[in-house]
Structure formats: C-alpha cells, structure tokens
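Not measured: the values here are computed from a predicted model.
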Amino acid sequence: MPTTKGRNFMTADDEIEKLNQKLYDQAHEHNEKIKDSMMVATAYIAVGTKILRTLLDDTNYRKFMDHISDEDVVKPFKKHTLH
C-alpha cells in the first residue's frame, strides 16, 4: 500500500471496498440471526436509499436510482453468500 511519510493511506476505492466488506459481514451476521436473506437485503437497501434521498436533490437521486437499475454496476461478493 502506498505510504506518505511512513504512514499508510487508502484510496477512496480502497475505503469503499473496506466499508462494503464490513457492511456485508454485518449483513451476514444479521442473516445468521434472522435466517431471511431477502429481509436483510431489503433493510439495507431501505437504509441506503434513505441516506441517498437525504443527500441528493430529486434530479440526482432519480439519475442515481436509474443508473444502478440499468447498469451492471453491482457485482456479487467473492466470499460466502447470505443464503
């Protein structure tokens, strides 16, 4: 990993990947307790869309939602699945 003055730093992509993995691991733990992957996934989507709705204006929110539904931007995790 690149360093600055002897310190490690993460790129934005690294930080996003780390956060995604942490959230996925937490979702896996929730699924182990609840035993319903669809419910867990739906809850995470609901929270994410509420955060985006708070941050984006109507036009950009719609553009974002259209983009993720039209594009193949969401890739499956390489690790274990929720089921």
- [ ] Please list, chain by chain and in numerical order, all residues satisfying salt bridge (Lys or Arg N to Asp or Glu O under 4.0 Å) with Lys33, sequence neighbours excluded.
- [x] none
Task: Approximate separation, where rounding is to 0.5 Å, of Glu17 CD and Leu19 CG - done: 10.0 Å
Task: Any residue meeting side-chain contact (heavy atoms from CB on, under 4.5 Å) with Thr49, in chain and number order, not counting sequence neighbours - done: Ile45, Tyr61, Met65
Open item on the list: Suppose we screen for side-chain contact (heavy atoms from CB on, under 4.5 Å). Which residues come up paired with Leu55, at least two apart in sequence or across chains?
Closed with: Ile51
- [ ] Kindly write out the residues that satisfy side chain to side chain donor-acceptor pair (under 3.5 Å) with Arg53, not counting sequence neighbours, or none if the list is empty.
- [x] Asp58
Task: Spatial distance of atom CG (Leu52) from atom CZ (Phe64) [nearest 0.5 Å] - done: 5.0 Å
Open item on the list: Side chains of Met38 and Thr42, heavy atoms from C-beta outward: is any pair under 4.5 Å?
Closed with: yes
Task: Spacing of OG1 belonging to Thr54 relative to NZ belonging to Lys50, to within rounding of 0.5 Å - done: 9.5 Å
Open item on the list: Do Leu23 and Gln26 make a side-chain contact, defined as non-hydrogen atoms from C-beta onward lying under 4.5 Å apart?
Closed with: yes
Open item on the list: Quick one, Lys63 and His67 - any side-chain contact, counting heavy atoms below 4.5 Å?
Closed with: no
Task: Asp36 side chain vs Asn31 backbone, donor-acceptor pair below 3.5 Å - done: no
Open item on the list: The criterion is side chain to side chain donor-acceptor pair (under 3.5 Å); which residues satisfy it with Asn60, sequence neighbours excluded?
Closed with: Asp57
Open item on the list: As an exercise, state the distance from OG of Ser37 to NE2 of His30, rounded to the nearest 0.5 Å.
Closed with: 13.0 Å
Task: Cluster overlap Ile68 with Ile16, hydrophobic side-chain contacts below 4.5 Å - done: no
